[in-house]
Novice: 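This is the structure I have questions about; it appears just below.
Here is the naming used below: chain letters follow the sequence lines, and residue numbers restart at 1 for every chain. Since the structure is predicted, the reported quantities are computational estimates derived from the model, not experimental observations.
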Amino acid sequence: MKPIYAHSFNLTPKEAVELQLKLKKNLIFDSDFNIEDVKLVAGADVSYSKKENMLYGVVVILTFPDLEVAEKAWVKGEAEFPYIPGLLAFREGPVLLEAFKKIEREPDIIFFDGHGISHPRGLGIASHLGVLLNKSSIGVAKKNLVGEVFELAKTKGATASILKDGKEIGKVLRTREKVKPIYVSVGHKIGLEKAVDLTLKTIGKYRILEPIRQAHIFSNEVRTSKS
DNA sequence: GCGACAG
DNA sequence: ATCTTGTCGC
C-alpha cells in the first residue's frame, strides 16, 4: 500500500495540532461502504522498546469473514516523537506507514489500535492514517479519551454511546459477556453503525478483535526476537 | 488553577 | 506502551 498524501511528521506539538485541523477537512463519513464486499481486513499496532527507544510497527492482513492471517509486515524505527495524548499518530504514524508500504495485498479496511474521530480535535490515529492512505478505517481503543461514556448491558454485542458536545462520536462495545468493553469510532470512509457491526464480526474468542490482537502479538514477537 | 489524559 | 511476580477467578 502507498499513501496518497504525505507530510512531515517532524513537527512540534503545536504544529502537529495545526496539521490535525487541516487533515480533518479530508475526512469522509458514511460513504457507500459495504460489509458484504469485504474480503480482507487489516490490523495495525506498534510495540515499543523503552530501553532502546525504538518502535516496532506492524500490519497484519486477515481474510474476512474467516479471520485467517494472510500477510504480515513489520518495520523498526526510532521513536522520535513523545507520547502525548491526542498526538499519538505523530509518534506511531511514521513506522506504521512504512509497514503499510511493505504490504502487497489491498485490504478493504484497516483497524487501528487507538481512536478515530473520538478525539479532542476529531482526528485520532485511525482517522489520520485513514486519510493519508485513502482507505476506510476504524479506531478501536481499550480506554476512552474524550467524551461522556454511557453504561451498557453486560451481554456480548451490547453498545452505548460516547457523547461529546451533544454529538455521538463513538460507541462503547462489549465484545464478550461480562468483560470490559472496547471503544469504537469511525476512522475514515465508513459510518459508525457499520464500523461497530464490522468490529463485532471480527471478534474471535477474545475481548480484542482478531485484526488488532494478531497485530499486537506480532509486534511483540518482532520486538523480542528479531531485535 | 485543577484534573484528565488513546498508546 | 514498557517494566515486572504473584495471584484471583472462570
Side-chain angles (χ1 to χ4, degrees), chain A residues 9 13 16-17 20 23-24 27 43-60 74-99 110-131 137-149 154-156 162-165 169-188 192 195-196 199 205-209 211-227:
Chain A
F9 280 91
V17 167
Q20 287 181 327
L23 287 173
K24 184 181 175 182
L27 282 178
D45 192 22
V46 173
S47 70
Y48 172 59
S49 169
K50 187 176 182 180
K51 186 172 179 290
E52 301 178 298
N53 196 40
M54 296 297 282
L55 297 176
Y56 296 79
V58 315
V59 175
V60 175
W74 66 279
V75 165
K76 177 181 182 178
E78 188 173 350
E80 300 180 340
F81 197 94
Y83 169 67
I84 300 172
L87 297 179
L88 180 64
F90 294 87
R91 179 174 176 81
E92 300 192 345
V95 74
L96 284 178
L97 289 174
E98 288 304 311
I110 306 164
F111 288 95
F112 287 92
D113 191 2
H115 292 280
I117 64 168
S118 181
H119 174 276
R121 291 165 294 281
L123 195 90
I125 188 167
S127 299
H128 189 147
L129 298 188
V131 166
S137 64
I138 299 173
V140 184
K142 296 177 287 298
K143 295 176 184 173
N144 199 33
L145 177 59
V146 294
E148 181 183 2
V149 178
K154 303 291 187 188
T155 54
K156 175 175 181 176
I162 303 173
L163 260 44
K164 184 191 172 200
D165 302 327
I169 57 176
K171 290 270 200 186
V172 208
L173 171 64
R174 186 96 59 193
T175 57
R176 299 212 67 192
E177 185 166 342
K178 297 175 182 176
V179 165
K180 280 175 50 174
I182 60 175
Y183 302 77
V184 181
S185 63
V186 166
H188 184 47
L192 182 57
V196 170
T199 299
K205 304 171 69 173
Y206 306 91
R207 173 193 177 221
I208 302 301
L209 52 158
I212 296 295
R213 202 178 79 88
Q214 292 299 335
H216 193 268
I217 291 170
F218 187 48
S219 68
N220 280 310
E221 279 177 7
V222 297
R223 176 172 52 83
T224 57
S225 69
K226 298 171 184 173
S227 68

Novice: To check you understand the geometry: which heavy-atom pair defines the closest contact between A:Val95 and A:Val75, and what is its length?
Specialist: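 So the two residues come closest at CG2-O, 3.2 Å.
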Novice: Reading DNA chain B 5' to 3', how would its secondary structure be written in dot-bracket notation, given Watson-Crick and G-U pairs with both distances under 3.5 Å, brackets [ ] for crossing pairs and | for partners on other strands?
Specialist: .......
Novice: First contact, last contact: which nucleotides of DNA chain C are these for chain A, 5' to 3', heavy-atom distance under 4.0 Å?
Specialist: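 Both ends considered, the range comes out as C:dA1 to C:dC3.
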Novice: Hey, does A:Gly139 reach any base, or is it just sugar-phosphate, or nothing, if we go heavy atoms under 4.0 Å?
Specialist: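 Answer is nothing: A:Gly139 stays at 4.0 Å or more from every strand.
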Novice: Select base, sugar-phosphate, or nothing to describe what A:Tyr83 touches, counting heavy atoms under 4.0 Å on all strands.
Specialist: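 Contact class for A:Tyr83: base.
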Novice: Can you tell me which residue pairs pass the side chain to side chain donor-acceptor pair (under 3.5 Å) test with a partner in residues 113-125 of chain A, sequence neighbours excluded?
Specialist: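 Listed by first then second residue: A:Gln20-A:Arg121, A:Asp113-A:Lys142.
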Novice: A:Ile110 versus A:Leu129: any side-chain heavy-atom pair under 4.5 Å?
Specialist: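 They are not in side-chain contact.
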Novice: Taking it one step at a time, do A:Phe112 and A:His128 satisfy ring pair (Phe, Tyr, Trp, His ring centres under 6.0 Å)?
Specialist: CA-CA 10 Å; A:Phe112 287 92; A:His128 189 147; 9.9 Å; no
Novice: Do you know the tightest heavy-atom contact between A:Pro120 and A:Leu145?
Specialist: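 What the structure gives for the nearest pair is CD-CD2, 3.6 Å.
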Novice: A:Ala16 and A:Phe81: which non-hydrogen atoms are nearest, and at how many Å?
Specialist: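 Heavy atoms only, the tightest pair is CB-CZ, 4.4 Å.
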Novice: Looking across every strand, which nucleic acid part, if any, lies under 4.0 Å from A:Lys142 by heavy atom: base, sugar-phosphate, or nothing?
Specialist: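 Counting heavy atoms under 4.0 Å across all strands, the contact made by A:Lys142 is with sugar-phosphate only.
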Novice: A:Tyr206 ring centre to A:Arg213 NZ or CZ under 6.0 Å, with the angle to the axis within 45°?
Specialist: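 Yes, A:Arg213 sits over the ring of A:Tyr206.
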Novice: Testing the basics here: between A:Tyr183 and A:Asn144, what is the closest heavy-atom pair and its distance to 0.1 Å?
Specialist: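 Smallest interatomic distance, heavy atoms only, reads CE2-CB, 3.6 Å.
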Novice: Contact class for A:Asn53 vs. all strands (heavy atom < 4.0 Å): base, sugar-phosphate, or nothing?
Specialist: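 Answer is nothing: A:Asn53 stays at 4.0 Å or more from every strand.
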Novice: If only atom types and distance count, is the side chain of A:Thr175 paired as donor or acceptor with the main-chain N or O of A:Ile208 below 3.5 Å?
Specialist: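 Not confirmed, A:Thr175 side chain does not pair with A:Ile208 backbone.
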Novice: Please give me every residue in residues 114-125 of chain A whose heavy atoms get under 4.0 Å of an atom in DNA chain B, ordered by residue number.
Specialist: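 DNA chain B contact set from residues 114-125 of chain A: A:Gly114, A:His115, A:His119, A:Gly124, A:Ile125.
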Novice: Would you indicate what A:Leu87 reaches in the nucleic acid, counting non-hydrogen atoms under 4.0 angstrom: base, sugar-phosphate, or nothing?
Specialist: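 Counting heavy atoms under 4.0 Å across all strands, the contact made by A:Leu87 includes a base.
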Novice: What stems show up for DNA chain C when you take Watson-Crick pairs (N1-N3 plus N6-O4 or O6-N4) and G-U wobbles (N1-O2, O6-N3), both under 3.5 Å, and require three or more consecutive pairs?
Specialist: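 As far as DNA chain C goes, consecutive pairing (with distances under 3.5 Å) yields no stem.
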Novice: Could you tell me if the side chain of A:Tyr83 sits less than 4.5 Å from the side chain of A:Leu88, heavy atoms only?
Specialist: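 In contact.
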Novice: Please examine the side chains of A:Ile182 and A:Ile212, heavy atoms only from C-beta on, and report whether any two atoms are closer than 4.5 Å.
Specialist: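 Counting from C-beta outward, A:Ile212 and A:Ile182 never come under 4.5 Å.
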Novice: Rounded to the nearest 0.5 Å, what's the gap from NZ on A:Lys178 to NZ on A:Lys156? Could you check?
Specialist: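 Going from NZ on A:Lys178 over to NZ on A:Lys156, the span is 15.0 Å.
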Novice: Is A:His128 touching bases, backbone alone, or none of the nucleic acid, heavy atoms closer than 4.0 Å?
Specialist: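 Touches nothing.
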Novice: Minimum heavy-atom separation for A:Ala44 and A:Leu96, please, with both atom names.
Specialist: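 Scanning both residues, the minimum pair turns out to be CB-CD2, 4.1 Å.
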Novice: Is there side-chain contact between A:Leu87 and A:Pro13, with at least one heavy-atom pair below 4.5 Å?
Specialist: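 A:Leu87 vs A:Pro13: side chains touch.
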Novice: For A:Ser49 and A:Tyr56: C-alpha separation, side-chain torsions, deciding distance, then whether side chain to side chain contact (heavy atoms under 4.5 Å, CB included) applies.
Specialist: CA-CA 8 Å; A:Ser49 169; A:Tyr56 296 79; 4.2 Å; yes
Novice: Under a criterion of less than 4.0 angstrom to any heavy atom of chain A, what are the 5'-terminal and 3'-terminal contacting nucleotides of DNA chain B?
Specialist: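 Both ends considered, the range comes out as B:dC5 to B:dG7.
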Novice: Passes side chain to side chain contact (heavy atoms under 4.5 Å, CB included), A:Val146 versus A:Ile169? Steps please.
Specialist: CA-CA 9 Å; A:Val146 294; A:Ile169 57 176; 4.0 Å; yes
